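Worksheet for the structure shown next.
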Amino acid sequence: MMNDVGQEFRYKDFGDRVRQWRQAVQPPMTQRELADKIDVTSGFLAHVETGRTLPGVRTLVAIARALGVPLHDVLRAAGYLPPALEQKDDLLLEPELRIFFADDWLNLTEDERELLRDFVRMLKTRLRRRQSRLPEAGGYRLDCE
């Protein structure tokens, strides 16, 4: 149910991006070809491209793989990640994560680093949303989602 105007625009923008990515593949891929590759119906993909629905994360991963688009670009376009920040020097500021990645960080590609940064941002955003929805539980859900 799209009761939020911002959500409607996000879905439409994402659908437009999927169509652009699909048509940029050489040779351009049809909706049916992409739908077969990502294991959804062509009707569902049409709904995505027209902004009527937003696929789940598994389908977003499949879209990224099928179209050769970096996963963080697909997740960002779908609204799961915040817009890219200009400063890319060292956004991994949490001490625990710095320790965790101290040995491996230098061996990662820039795409892998950006994906990890985006993942951390997504987790922080989800935690903030969860905390704002559940103040009576101290901000943390006790049940499994």
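Note that the coordinates shown come from a computational prediction; the quantities given were computed from them, not determined experimentally.
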Item to check | side-chain hydrogen bond (donor to acceptor under 3.5 Å, both in side chains) against Gln31, all qualifying residues, sequence neighbours excluded | outcome: Glu49

Item to check | side chain to side chain contact (heavy atoms under 4.5 Å, CB included), paired with Val40, selected from Val48, Thr59, Leu34 | outcome: Thr59

Item to check | Heavy-atom donor-acceptor pair, Glu114 side chain to Asp111 backbone, under 3.5 Å | outcome: no

Checklist entry - Can you list every pair that meets side-chain hydrogen bond (donor to acceptor under 3.5 Å, both in side chains) and has a residue in residues 34-47, with sequence neighbours left out? => result none

Checklist entry - With sequence neighbours excluded, what pairs up with Gln20 under the side-chain contact (heavy atoms from CB on, under 4.5 Å) test? => result Arg17

Checklist entry - What pair of heavy atoms forms the shortest contact from Pro55 to Phe14, and how long is it? => result CD-CE2, 3.8 Å

Checklist entry - So, are Arg10 and Asp13 salt-bridged, with charged N and O less than 4.0 Å apart? => result no

Checklist entry - Between Met29 and Glu33, which heavy-atom pair has the shortest distance, and what is it? => result CA-OE1, 3.3 Å

Next on the checklist: To the nearest 0.5 Å, what is the distance between CD1 on Ile38 and CZ on Arg22?
Outcome noted: 10.5 Å

Next on the checklist: So, using side-chain hydrogen bond (donor to acceptor under 3.5 Å, both in side chains) as the criterion, who are the partners of Arg19 when residues are at least two apart?
Outcome noted: Asp16

Checklist entry - Between Ala77 and Trp21, what is the shortest heavy-atom contact and its length? => result CB-CH2, 3.8 Å

Checklist entry - If you round to the nearest 0.5 Å, how far is CE of Met122 from CG of Leu115? => result 9.5 Å

Next on the checklist: Using the rule given for side chain to side chain contact (heavy atoms under 4.5 Å, CB included), can you reason through Leu75 versus Asp118, listing the C-alpha separation, both sets of side-chain angles and the distance that settles it, and then say yes or no?
Outcome noted: CA-CA 9 Å; Leu75 293 173; Asp118 289 342; over 6 Å; no

Checklist entry - Minimum heavy-atom separation for Ala78 to Leu60, with atom names? => result CB-CD1, 3.9 Å

For residues 64-73, run the donor-acceptor check on the side chains, cut-off 3.5 Å, and write out each pair with its distance to 0.1 Å, sequence neighbours left out.
none

Item to check | Tyr80 atom OH: more than 12 heavy-atom contacts under 6.0 Å | outcome: yes

